[in-house]
Amino acid sequence: MRKRPTFVAVVSAVIIALIGTGVAVPAEPIKLGFGMALTGALAGNGKAALLSMQMWAEDVNKKGGLLGRRVELVYYDDQTKPATIPAIYTKLLDVDKVDLIVSGYGTNVIAPLIPLAMERNLTVVGLFGMANNEKFNYGRYFQIMPVGPNPPVDWSRGFFEVASKQSPKPATIAIVGADAEYPHNAMAGARKNAEQYGLKVVYDNKYPPSTVDFTPIVRAIKATNPDVVYVASYPPDTAGMIFAAHEVGLAPKMFGGGMVGLQFAALQTKLGAKLNGVVNYETWVPEPTLSFPGINDFLKRYQAQAAKAGVDPLGYYIAPFAYAYAQVLGLAVEGTKSLDQKKIADYLHGREMDTIVGKVKFGPNGEWAKPRMLHVQFQNIEGNDLEQFKRPGKRVVLYPEEWKSGTLIYPYAKARK
Amino acid sequence: MKKGLPLLIAVGVLLAALVATRLVGNRYLYFAGYVIFQYVVLATAWNILGGYTGYVNFGTAGFFALGAYTATVLILAFKAPLPVQIVAGGLVSAVLGLGIGYLTLRLRGVFFSIATLALALVLQTFVMNWEYVGGAKGVSIIRPAAFPPFASYVEFLFFVMAALAVVSAMAAWWIENSWVGRGLAAIRDNEEAAECMGVPTLRLKLLATVVSGCFMGVAGAPFPYYVTLVEPVSAFSLDYAVNSLAMPMIGGTTTWIGPIVGAILLSTAQQVATVTISSELNLLIVGIVLVAFVLLAPQGIVGLVQRLAGRRRA
Amino acid sequence: MLSLDLLLNAIVAGILLGGFYAAVSLGISVAFGLLDIVNIAHPVFVVLGSYIAYALNSALGLDPLLTGLLGVPVFFALGVVVYRLYYASFEKTGEESLRGLVFFFGLLFIIEVALLLVYGVDYRMVEAAYIGDSLHIGSVGIALRLLVPCLVGIGMTVALYLVLSRTFWGRAIMAVSQDSQALRLMGANPVRIKTIAFGLSIATASLAGALLIVIGPVEPSIGREYIGRVFAIAVLGGMGSIGGTLAAGLILGVVETFTATYYGPSWALAVSFGILLVVLAVRPAGLFGR
Amino acid sequence: MAASLLEVRDVTKRFGGFRALNGVSLDVREGERFGLIGPNGSGKTTLINCISGALRNESGRISFRGCDVTRLPAHQRTRLGIARSFQIPKPFTSMTVLENLCIPLEYAARDVARADVVDEAMAILRRMSLEDKASLLPGRLTQVDMRRLELARAMAAKPRLLISDEAMAGLSSAEVDALLPILFALNEQGITIIMIEHIMRAVMRFSERIAVLDAGEKIAEGPPDEIVKNKDVERAYLGE
């Protein structure tokens, strides 16, 4: 069911607000407001997230809603542009009078939302933003992405943990990434980890997102002969880097780390066997260690609708978490029997919650109390078939230990063959 | 009478904006209004060079972002107050206009356009590599709590942008109706003839580029406090280039009122579309409207209205 | 020893990239350099070519280069239509400078958003036998993914050069770019010649688009990245000089590759635009201009 | 011999490898009616462009009223008193005929007060018999009126030297006869005039002295009756 804020809805909201303040109307729905990237660079993930949230609202309403009231989603397209956020959320709060807000997808649209929430003391749950609360330290901000309490560092910790356990232990590292928001953060974290794990940085450079040919970069990296190559890239450069690595014959002991795009079917099927051996971050993969209650059912329903919605057909990376971030908010409302922002924030801070992405517990800064960023290795990929990515054993979890489902093929060249 | 009218309108708009901040409780209107006024400034600024002089600037985003980043630096370094940011943002962008104008304005207009396109990209690369302002990641700016007598800082920003819109419109009005504007129009019609008729074309073009760039920077300066996040991709967004060019085209390029009409119509339509249509159609509409206007109504809405009014009189 | 390898490889990679840049810029050299039509939408026509290659590749498994060739007549016709519209609305009335520019700007948006509506924002790639393979000559590695576009780009340059210098219509196009009034006196119709020339310029986008998607993934707004580059190359090459376009493409390719290899890739683009700005300021006729 | 108003010394102008003007020298005296002729492509318009400042000559010197103007931009030369009309009329298309005249009156004319600009423009239009077309856009003028506007606008710069670049090209002989008296009248008022013209009848009748250019070089100079008899001139026009 798609519920869009039509003109009628807006007018009726205003009318209700005018005549009905103070008088409780039992049938009035609980409104959850947010902006979401439905156009622009991150629209692919934004649309997938929206689909998940609509599924959540449907599920909740089927069970009688929250506090006996129906849940209604009120959302606008943020166009992946931070500049739209202040107007969108002010409209949601002042005109549409939403009861609860969550963020849109991505660091850059969460950043302008936090100060706005702070001005009004609202609780806000974020969807995949990196280190957003570092500067604000806002007590009512929560992040569903399972990075951990120290975001930029925890983001790539798994990669370095795995590397440090190998023998011979790698000694040098090349760090490379795109000139953009996410890679900037990821590379900063990787540098700290490299220092902590005693890896010498032999190459550290950025490239503009419009780079056409990656072979000169890969060759320059190869010339420094690093043991490990950490790449923080966006989808087109991810493909470019992987192609170039094969063409130039870059064969470090470990390769990958923070490549965006490998989480999704589009690149997985195109790159196929070239992915073998790459170690990369993930939030969820269909490995037996990660089959949390409800997730398989959710994914089945999601995948059935994915084609029609024009979103990633697998939906492992973002979809379950987009469901979960609404889910925790729902749990808090039910748990506190209230829409009071303070009570909801207190509830979210206080406990471990069961969601389709497993048990979620938030730390003091709103990030996950314990890091659960997965690092996986692509293994035994053959051809360009999509179905294989739904099976276990293709992206085995190496880290964290708790969820480990396989072992690293080391060095990279051995897995690549 | 004719001289007094614009001043009267200007004072009227400012008073209305001030009264609005007293009466309207719905803060959404301030945010939406801020965006509309911001585009009034940008469209007016673009038109001083593009409409009056006939030189197409594709680099509005570069000038705008330079204003925004100048303000950002001032906030990070000195916590400078908003008026200082605006003046500084305007000055820095004006200097940029002078520089790029000096390099390319001797050539045919097209080279200037291409240079502005490249300029925005070069500037963006510099900002991306400048860690002090957060590089590619950008930097979060904390908005001051409130600015008395305004109830919230956003109301203050709204009022400031309204004032900037009025100032830029008055500047455009003055240019249009002075010897400067007549010289610029001569350049637009035929630059060679203008030069031979005694018009100091290079100096006037430079003047137009500087004023135009200055107002673009001015429009960008309050941006950090408005969004609270300054990062290169959104500060250099192509939106600013497209809109600042489309708005005068739609409104009409030869008068000061044209860009204002275009800015109000188009940015209101975009604001409404953002909260209703919510899809790529939004952008498609801008493209189609732009092409339709250039093809079918080259004088813009103002030209259409004038023609209709003229017909009635005749 | 190692640095010599790096140097050789940087030169080779730069040349490969340069050949591709030339392919993308040829259309601009014809439209802007010869006809004085500032078609800033050219890169988006190239992206359109990429999507056609993608559609035919994923549906029928056709080789992208083949679809690029097949698209040439279609794109030629498209160019003819666009020019007719442009001529009737702007050039005829002498209003091309400002409004014509804006017209192409609007066109850029329409095509881009149309692609967005049909294919979404996801990156698209093609499959072809040569993608992913590479040759090794001594210590120099050559990726076929880049070699093929480079060779095709050089081939396109040669073909276009021959067409313009050896055929009747080609010579007529060169004449029209010199002096369209004189041509009218000779009884030829400059509008017809310009229509053909503009058709030709858009036709190059079909092949260039195929090359673009061979090199890497494509999304609808990727064309914007090329607007600056193609104009830089057209101006640098000396407005309308076909050989100059190839030379300028190679220069830009080598400069970007060298910057990426030795100084840091993040400055590669800025360096090439810096060159453009300097050329505009110092020698606007371009390096190989008349 | 009266003082030279305009002195052109050894002016050379190249376009790439092509030498459009090769060491051309001229002297035009105050109050003179001077003719400049030559076959197509002989460099007449290039010379005019160099004198008016639209082009810069690579070598040689141009002085006006004793000042070296070689490096001055065109608009400053106009202010000193050099005004020109264009071979292909280049009116300001978005302005009315009257407004077209206001531009040079405002920017170039030395002693017209701002308040008098419109009166002055109307006076010039009257002299050129354009007064009833003052509020028209140039696009609606006839060919001959367009030529008149071109001259009128040059007049509005209040020049000492008026360069008329083929002001009569494409006009009927009746129309030429209507324009010539106007030029004579301007000259009566003390304005020096350089006339570039293909219509020999007009140049010969108008000019006191004529210079002939061929392939970028001056091949002859003298009173009209001498020029007519000059063998080099004949050869240049008729070929070998």
Side-chain angles (χ1 to χ4, degrees), chain A residues 37-47 80 176-179 203-225 234-244 246-250 261 264-267 269-274 310-312 384, chain C residues 2-3 5-6 9-10 12-14 16-17 20-21 24 58 113 116-117 119-127 131-136 140-146 149 212 215-219 221-222 224-226 228-229 253 256-270:
Chain A
L38 303 177
T39 58
L42 300 180
N45 286 339
K47 283 178 177 166
T80 327
V176 64
D179 239 342
Y203 181 94
D204 185 349
N205 260 316
K206 302 175 289 179
Y207 53 82
S210 59
T211 302
V212 180
D213 179 14
F214 289 88
T215 52
I217 299 169
V218 170
R219 255 188 213 106
I221 294 172
K222 196 185 171 195
T224 65
N225 197 22
Y234 278 132
D237 17 319
T238 297
M241 289 296 292
I242 288 179
F243 275 129
H246 279 257
E247 287 155 357
V248 171
L250 176 71
F264 307 104
L267 273 195
T269 54
K270 290 290 175 204
L271 293 171
K274 288 199 171 56
V311 295
D312 180 46
N384 302 350
Chain C
L2 193 70
S3 66
D5 276 4
L6 209 56
N9 274 302
V12 171
L16 294 181
L17 190 61
F20 164 69
Y21 281 174
V24 181
S58 57
V113 178
L116 214 58
L117 284 171
Y119 293 101
V121 286
D122 290 338
Y123 285 89
R124 307 287 171 173
M125 295 166 75
V126 288
E127 283 153 30
I131 295 177
D133 272 344
S134 55
L135 294 172
H136 290 275
V140 178
I142 300 174
L144 291 184
R145 182 172 59 93
L146 293 159
L212 177 66
I215 287 186
V218 168
E219 52 96 28
S221 62
I222 202 169
R224 291 179 193 173
E225 320 270 12
Y226 286 87
R229 275 195 191 115
E256 283 191 20
T257 309
F258 265 71
T259 317
T261 309
Y262 290 106
Y263 186 64
S266 86
W267 293 97
L269 196 62

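We name chains A, B, ... by the order of the sequence lines, and we start the count at 1 in each one.
When all heavy atoms of C:Ala10 and C:Thr257 are compared, the closest pair comes out as O-CG2, 3.3 Å. The two residues A:Thr80 and A:Ala41 make their nearest non-hydrogen contact at OG1-N, 3.4 Å. Nearest heavy atom pair, residue A:Val311 against residue A:Gly44, reads CG1-O, 4.2 Å. Smallest separation of non-hydrogen atoms from A:Thr211 and A:Phe214: O-CE1, 3.7 Å. Here the closest heavy-atom approach between residue A:Pro216 and residue C:Thr261 is recorded as CB-OG1, 3.5 Å.
Most heavy-atom pairs under 4.5 Å with chain A, from the set C:Arg145, C:Arg224, C:Glu127: that is C:Arg145. Among C:Met125, C:Arg124, C:Arg229, C:His136, the residue making the largest number of heavy-atom pairs under 4.5 Å with chain A is C:Met125. Between chain C and the options A:Ala266, A:Ala178, A:Pro208, A:Ala220, heavy-atom pairs under 4.5 Å are most frequent for A:Pro208. Counting heavy-atom pairs closer than 4.5 Å to chain C, the top residue among A:Asp179, A:Thr215, A:Asp204, A:Val212 is A:Val212.
For A:Tyr203, the part lying under 4.5 angstrom from a heavy atom of chain C is the side chain only. Only the side chain of A:Asn384 comes within contact range of chain C, with at least one heavy atom under 4.5 Å from a heavy atom of that chain. Heavy atoms of C:Phe20 lying under 4.5 Å from chain A belong exclusively to its side chain. The contact between C:Tyr226 and chain A is made entirely by side chain atoms (from C-beta outward), counting heavy-atom distances below 4.5 Å. Contact annotation for A:Leu267: only side-chain heavy atoms (C-beta onward) come within less than 4.5 Å of a heavy atom of chain C. In this structure, no portion of A:Ile221 lies under 4.5 Å from any heavy atom of chain C.
Counting only heavy atoms from C-beta outward, the side chains of C:Leu116 and A:Thr39 never approach each other to under 4.5 Å.
Between the A:Asp312 side chain and the A:Ala265 main chain, a donor and an acceptor come within less than 3.5 Å of each other.
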